[in-house]
Protein chains: 2
Amino acid sequence: MTGLSVEIDRSSPVPLYFQVAQHIEREIEEGRLAPGARLDNEIQLADQLGLSRPTMRRAIQELVNKGLLVRKRGVGTQVVHGQIKRPVKLTSLFDDLTRANQRPRTEVLAHDAVAAPDSISVELNLRPGDTVVRLKRLRWAADEPLAIMHNWLPAELCPFSAQRLSELGLYPLLRSSGVNMRVAKQRIGARAATAEEARLLGVKRGAAVLTMTRTAFDDSGDAVEFGDHIYRSDSYSFEVTLVDQP
Amino acid sequence: MTGLSVEIDRSSPVPLYFQVAQHIEREIEEGRLAPGARLDNEIQLADQLGLSRPTMRRAIQELVNKGLLVRKRGVGTQVVHGQIKRPVKLTSLFDDLTRANQRPRTEVLAHDAVAAPDSISVELNLRPGDTVVRLKRLRWAADEPLAIMHNWLPAELCPFSAQRLSELGLYPLLRSSGVNMRVAKQRIGARAATAEEARLLGVKRGAAVLTMTRTAFDDSGDAVEFGDHIYRSDSYSFEVTLVDQP
DNA sequence: GAGTGGTCTAGACCACCGA
DNA sequence: CGGTGGTCTAGACCACTCT
């Protein structure tokens, strides 16, 4: 049985449920809430923090959704066993690498405006032949080539120079110009590298590579990017945390 | 602007928010709510269905989480563009194939109780040397080999015969004996097939295969299964829908 | 300024679990 | 049986967006 003692800042713009969820997450990550530990029930926790039960429930729900807590009716709430792994988030590879301090670097191989091929216009919900910006980049980390990234975007969304793309990465640039990604649909697969891919990635021809295609949608539900990416399988993999809601 | 007209069954054990969410999902799938369509605001929708706003909100939230709807403050709620794809769920390959009518078939290659290797005992949170059931299966679909599946489970959870495993699949058997999977942590990668794997899957040696390891936890947060699986990359891929909560 | 979703409260009743 | 989470209500105020 474990209670909580947090300072809730009611004047902060950060929602109360979020403050609480972050606090519990830190307690788990730093070991003060051990795997298997039982939390007090929702009513008690709400009282301890001076919150209503729905707000407390929402905080707990956030962590259940992340796979950090497990709830069972009639029993209680526990910290899940197993080492914590982050769920895949709607971030770009660049973000991941920056966080991991892998000295990411980007080489822009192609950057032009073309008439959208049929397959791309379908994915982006455009008329065939509409102009799209095509982008081909080679991503490096720790001085090793890591991924070949192909992106297609509606032309009006991508007025960036190769220079800035190389420095900042595509996703931060889009965010800074007011495009908010909300939903992405990805497909992950594998195949053998072509000769050109093998050369760029520094692997043998025919080596197994990991593939990922992604269509991203903004907060109006419009498609804003289609990506077709290829990763070296010896240095990249995807992690996913799945949660089954009863 | 689109309203809703549903029959809500208040005597049903199915939660109201779930009834509503399912209804909206059907409306979208069957095209009566087109991509980009705007829904009425939450208050109006709640009134139309005779529900409180929090309940209506929760129904909408379910679909936002699934990536079917998109909300923007001050603007409204819209159906997302782009063909709908199901998010990866906490189901087994067998379930997927049964739904797709691919005549799945399972060949049990090995099924025995062994002392847990270190790597497995760590994943399952057991003491080294504890007994685990090891399972090696070859999965067929449409008369083609599709996947080699390795599973390890704590011995007491898996009292099943090879016969029943072959007929029903592992996950339904576990469910029927009272084990409820709640959280799974997966890692997806790629590599070249070994000679034995290539033989079993009917591909060339060194062909690219998709790999997935998974640790599953039950509703007490205990690890109940570790799986290490290999898929033919020409007939299998993973789909993931990611949603970014603002 | 009008309209939208985002957050929060203080209650209520119920279904399920374990002793 | 008591304790737990699961659902639901009817309000309230706020932050943001568009015009």
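Atom set for the values below is all heavy atoms of this structure, side chains included, hydrogens, waters and symmetry mates excluded. If you're wondering where the values come from, they're calculated on a predicted model, not measured in any experiment. In what follows, chains carry the letters A, B, and so on, assigned in the order in which the sequence lines appear, proteins first and then strands, with residues in each chain numbered from 1.
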**Q** Just the rounded figure in Å: distance from C1' of C:dC8 to CD of A:Glu62.
**A**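 Taking CD of A:Glu62 and C1' of C:dC8, I get 15 Å after rounding.
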**Q** Report the distance from atom CE of B:Met212 to atom CD1 of B:Ile188, rounding to the nearest 0.5 Å.
**A** 6.5 Å
**Q** With side-chain contact (heavy atoms from CB on, under 4.5 Å) as the test, pick out the partner of B:Leu153 among B:Val132, B:Leu124, B:Leu170.
**A**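 Answer to the side-chain contact (heavy atoms from CB on, under 4.5 Å) test with B:Leu153 among B:Val132, B:Leu124, B:Leu170: B:Leu170.
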**Q** Just jot down the side-chain contact (heavy atoms from CB on, under 4.5 Å) partners of A:Asn180, sequence neighbours excluded, or say none.
**A** A:Arg182, A:Asp219
**Q** Provide, to the nearest angstrom, the distance between the CD1 atom belonging to B:Ile60 and the P atom belonging to C:dG5.
**A**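 After rounding, the reported distance stands at 7 Å.
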**Q** Below the 4.0 Å mark, does C:dT4 have OP1 or OP2 next to a side-chain nitrogen or oxygen of B:Thr77?
**A**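 So the side-chain polar atoms of B:Thr77 never come under 4.0 Å of the phosphate oxygens OP1 or OP2 of C:dT4.
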**Q** Rounded to whole Å, please give me the gap between CZ in A:Arg71 and C1' in D:dT7.
**A**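 My rounded result for the distance is 12 Å.
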**Q** May I have the distance from B:Gln78 (atom CD) to C:dT4 (atom P), rounded to whole angstrom?
**A** 13 Å
**Q** With side-chain contact (heavy atoms from CB on, under 4.5 Å) as the criterion, how do A:Lys185 and B:Val80 come out once you've worked through the C-alpha distance, each side chain's angles and the decisive distance to 0.1 Å?
**A** CA-CA 11 Å; A:Lys185 294 173 180 176; B:Val80 72; 4.1 Å; yes
**Q** Let me know the distance between CG of A:Asn180 and P of D:dC16, rounded to the nearest Å.
**A** 13 Å
**Q** Does B:Tyr17 have a side-chain nitrogen or oxygen under 4.0 Å from the phosphate oxygens OP1 or OP2 of D:dT7?
**A** yes
**Q** What distance separates B:Arg71 CZ from B:Gln78 CD, expressed to the nearest 0.5 Å?
**A** 13.0 Å
**Q** So does B:Arg58 get a side-chain nitrogen or oxygen closer than 4.0 Å to the phosphate oxygens (OP1/OP2) of D:dT9?
**A** no
**Q** Between CG of B:Leu39 and CD1 of B:Ile60, what distance do you get to the nearest 0.5 Å?
**A** 6.0 Å
**Q** Measure CZ/B:Arg57 against P/D:dT9 and give the value in whole Å, please.
**A** 15 Å
**Q** Among side-chain atoms of B:Lys72 and A:Ser220, is any donor-acceptor pair under 3.5 angstrom?
**A**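 There is such a pair between these side chains.
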**Q** In residues 37-49 of chain B, which ones come under 4.0 Å of DNA chain C, going by heavy atoms?
**A**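 The answer is B:Asn41, B:Glu42.
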**Q** Summarise protein proximity over nucleotides 11-17 of chain C in one line of letters, 5' to 3': B for base, S for sugar-phosphate only, - for none, counting protein heavy atoms closer than 4.0 Å.
**A** -B--BBS
**Q** Nearest 0.5 Å please: distance from the CD atom of A:Gln22 over to the OH atom of A:Tyr17.
**A** 10.5 Å
**Q** Look at A:Thr55 and C:dT7 and indicate whether a side-chain polar atom (N or O) is within less than 4.0 Å of OP1 or OP2.
**A** no
**Q** Expressed as a whole number of angstroms, how long is the span from B:Gln61:CD to D:dT7:P?
**A**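 It is 14 Å, rounded to the nearest whole Å.
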**Q** For a quick check under 3.5 Å, do B:Glu225 and B:Asn151 share a side-chain donor-acceptor pair by atom type?
**A** yes
